[in-house]
Amino acid sequence: MSNYYQVLGVDRDASERAIKSAYRKLALQYHPDRNSGDAEAEERFKEINEAYAVLSDPERRNRFDRFGSADAAGVRFTGDIFDIFASVFGTGFGGRHGTTMRGQPGEDLEAQLTITLEQARVGATLTHEIERLVICDRCRGSRVEPDSGGRRTCLTCGGAGQVQAQSPSIFGTVVTTRTCPECRGQGEVITDPCSQCRGGGRMAARETVDVNLPKGIDGGYRLRIPQQGNAGLDGAPAGDVYIYLELRPHKHLVRDGDDLIFELPVGLAQAALGNSFQVPTLDGPEVIEVPPGTQPDTTFRLRGRGMPRLRGAGFGDQVVAVRVEVPRKLSPKARDLLMAYAQEAGEEIHEYETLVERIKGLFGKRRKGKEQEAAEAN
């Protein structure tokens, strides 16, 4: 359970004026109109309003101080949390309480897109298909059947989109304003809804959006495409589309930040004697020279053949990592040549077959010795 004093950042002996001042500062900071789409800010705003509802009321504050419980303080939020905000600031903030809410902004959408290394390098423009809500082509978003005049002024709020309630307090009568429950802030009620969208004003459709990749982008990033989400109603803007990028593995190259890595398989003789190799790059094949005596895990750099730096000028490099391959099978001739090299280089070779025979002979001698000892004992 929240400590309401900590929520507002005030001491337990704070005055009514200090509590109201702290609330005004925090409520403005975390108001949903200033933090669109931020669920954490919205929860914080609710918590701030709950804290002020308790600490601004002497009776409930006294019960909270004694029992330390929101229930004991008598907090029950069954209405609009903006009522508390409106009672402090008035009803003209952020378009939620000051005037009739005529527009409904479109919702944001999310999608995932897999891109290639080549597309990320050049900053390609891709098309991606999404399903979104578009304005109904029959009612043009008006939600009423064409030529029907299917609207009337809301009788509950008289077209204002808001209703007011009065309640007594120790400071006198408090007037609070909330969104009209009948028309939901529109000021009008639809009596003959559109037969195609059933009064929703929007229809589902599959459409394509253009995704412009920044040069050097990597997987794991999120791109925002403004106003390509669900359509808004009554002149309100459409939502946004958020594209989550995934990088498809490349056939030859592995990305490491701005660098690209290519593993070059090199034979024993090629590493010892040196050789020329053709390696793939995103700019086309490139020939490199591997000098004689190249050791395993040696690397060579092709400057500027990597990825564009996303937050800077220039390109990374392509790193060619040498992987010396040891043959698993040898022809008789290749084996003889390697044995000759070993003798020339002074490398002692214990052939596998000879080693196995030696081990078998050793165990055979031990077995015969034990049998002879057993015979003599009998």
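Small disclaimer: the values here were computed from a predicted structure and weren't measured.
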Q: Check the hydrophobic clustering (I, L, V, M, F, W, Y; side-chain heavy atoms under 4.5 Å; chains of links allowed) and say if L117 and I261 are grouped together.
A: no
Q: Evaluate the side-chain proximity of R151 to S142: yes if any heavy-atom separation is below 4.5 Å, no if none is.
A: yes
Q. Around Y244, counting heavy atoms of other residues, nucleotides and ligands shown, do more than 12 lie under 6.0 Å from its OH?
A. yes
(Q) Which residues pass the side-chain hydrogen bond (donor to acceptor under 3.5 Å, both in side chains) test with D137, not counting sequence neighbours? (A) Q196
Hey, can you pull the donor-acceptor pairs under 3.5 Å for the side chains in residues 307-315, sequence neighbours left out?
residue: R309; atom: NH1; partner: A313; partner atom: O; Å: 3.4
residue: R309; atom: NH1; partner: F315; partner atom: O; Å: 3.0
residue: R309; atom: NH2; partner: F315; partner atom: O; Å: 3.2
residue: R311; atom: NH1; partner: Y221; partner atom: OH; Å: 3.3

Q. Rest of the hydrophobic cluster containing V144 (Ile/Leu/Val/Met/Phe/Trp/Tyr, side-chain heavy atoms under 4.5 Å)?
A. I190
Q: Tell me yes or no: between the side chains of R132 and Q228, is some donor less than 3.5 Å from an acceptor?
A: yes
Q: State the CG-OG1 distance between D317 and T281, to the nearest 0.5 angstrom.
A: 12.5 Å
Q.
Looking at D259 and R301, is any side-chain nitrogen of the basic one under 4.0 Å from a carboxylate oxygen of the acidic one?
A. yes
**Q.** Flag if over 12 foreign heavy atoms under 6.0 Å of CD, E129
**A.** yes
**Q.** Linked hydrophobic residues, L330 as query - side chain contacts closer than 4.5 Å
**A.** L338
Q. Below 4.5 Å, heavy atoms only, C-beta onward: do V290 and Q270 meet side chain to side chain?
A. no
Q.
Show me the pairs that pass salt bridge (Lys or Arg N to Asp or Glu O under 4.0 Å) and involve residues 338-349, at least two apart or across chains.
A. none
Q: Working to the nearest 0.5 Å, report the span between CZ of F262 and CZ of R323.
A: 8.5 Å
Q) Can R61 and Y5 be counted as having a side-chain donor-acceptor contact under 3.5 angstrom? A) yes
Q) In the hydrophobic cluster built from side-chain contacts under 4.5 Å, what are the other members alongside L133? A) none
Q | V266 side chain near F277 side chain, heavy-atom distance below 4.5 Å | A | yes
